[in-house]
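Here is the structure we will look at.
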Amino acid sequence: MLADNDEFLHTPDASPIWQENYFFVGRDDSTDTVVYLHLERMPSRNEVEAKAFVEVAGNRCSAVVAHHGDDCFDIPGVSVAVEQPFRRW
């Protein structure tokens, strides 16, 4: 069973390949808009990464931002916060 704290950053184990991933996908048919955001945290490399893709009416744009740090919710240019676990970010 998942608990509310599963929505937040986890304590990494000793494995050098341990990583944490968060995915957000959304679609709005009324505006023909698709949004995809992947946040990746790699503590052994002191690195976080954000991959974003947006499509509006067939026009597409994507970006990848890598940053040194350990908080994938606070990458420069990207702000993510849990407001209500499993309900609202």
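All values below were derived from every heavy atom in this structure, side-chain atoms included, with hydrogens, water molecules and symmetry-related copies excluded.
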- Query: Would a 4.5 Å heavy-atom cut-off, applied to side chains only, mark Val64 and Glu49 as touching?
  - Reply: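 In short, these two side chains touch, coming nearer than 4.5 Å.
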- Query: Given side chains that start at C-beta, do those of Glu47 and Glu40 come closer than 4.5 Å, heavy atoms only?
  - Reply: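 With C-beta onward as the side chain, the pair stays apart.
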- Do you know which two heavy atoms are closest between Val48 and Gly69, and how far apart they sit?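 Result for this residue pair: CG1-O, 3.7 Å.
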- Task: Apply side chain to side chain contact (heavy atoms under 4.5 Å, CB included) to Val56 and Asp32, showing your working.
- Result: CA-CA 6 Å; Val56 179; Asp32 194 21; over 6 Å; no
Would you mind writing out the side-chain donor-acceptor pairs for residues 15-27 within the sub-3.5 Å range, not counting sequence neighbours?
{"from": "Ser15", "atom 1": "OG", "to": "Ile17", "atom 2": "N", "distance (Å)": "3.2"}
{"from": "Glu20", "atom 1": "OE1", "to": "His10", "atom 2": "N", "distance (Å)": "3.2"}
{"from": "Glu20", "atom 1": "OE1", "to": "Arg41", "atom 2": "NH1", "distance (Å)": "2.6"}
{"from": "Glu20", "atom 1": "OE2", "to": "His10", "atom 2": "N", "distance (Å)": "3.2"}
{"from": "Glu20", "atom 1": "OE2", "to": "His10", "atom 2": "ND1", "distance (Å)": "2.2"}
{"from": "Glu20", "atom 1": "OE2", "to": "Tyr22", "atom 2": "OH", "distance (Å)": "3.0"}
{"from": "Asn21", "atom 1": "OD1", "to": "His38", "atom 2": "NE2", "distance (Å)": "2.7"}
{"from": "Tyr22", "atom 1": "OH", "to": "Phe8", "atom 2": "O", "distance (Å)": "2.8"}
{"from": "Arg27", "atom 1": "NE", "to": "Asp29", "atom 2": "OD1", "distance (Å)": "2.6"}
{"from": "Arg27", "atom 1": "NH2", "to": "Asp29", "atom 2": "OD1", "distance (Å)": "3.3"}

- Message: Measuring from atom CE of Met1 to atom CG of Asp6, what distance do you get when rounded to the nearest 0.5 angstrom?
- Response: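 Taking CE in Met1 and CG in Asp6, the distance rounds to 10.5 Å.
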- Message: Measuring from atom SG of Cys72 to atom NE2 of His67, what distance do you get when rounded to the nearest 0.5 angstrom?
- Response: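 NE2 of His67 is found 12.0 Å from SG of Cys72.
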- Query: Does Ser30 reach the main-chain N or O of Asp28 with its side chain, forming a donor-acceptor pair under 3.5 Å?
  - Reply: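 No; judged by distance alone, with no hydrogens or angles, the pair does not exist.
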- Message: Assigning hydrophobic clusters by single linkage (Ile, Leu, Val, Met, Phe, Trp, Tyr; side-chain heavy-atom cutoff under 4.5 Å), is Ile75 placed with Phe73?
- Response: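 Linked within one cluster.
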- Check whether Leu39 and Val65 end up in the same hydrophobic cluster, where Ile, Leu, Val, Met, Phe, Trp and Tyr are linked by side-chain heavy atoms less than 4.5 Å apart.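 Yes, Leu39 and Val65 fall within the same hydrophobic cluster.
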Which pairs would a plain distance check flag for residues 76-89, meaning a side-chain donor or acceptor within less than 3.5 Å of a matching protein atom at least two apart in sequence or in another chain?
{"from": "Glu83", "atom 1": "OE1", "to": "Arg88", "atom 2": "NE", "distance (Å)": "2.6"}
{"from": "Trp89", "atom 1": "NE1", "to": "Glu7", "atom 2": "OE2", "distance (Å)": "2.8"}

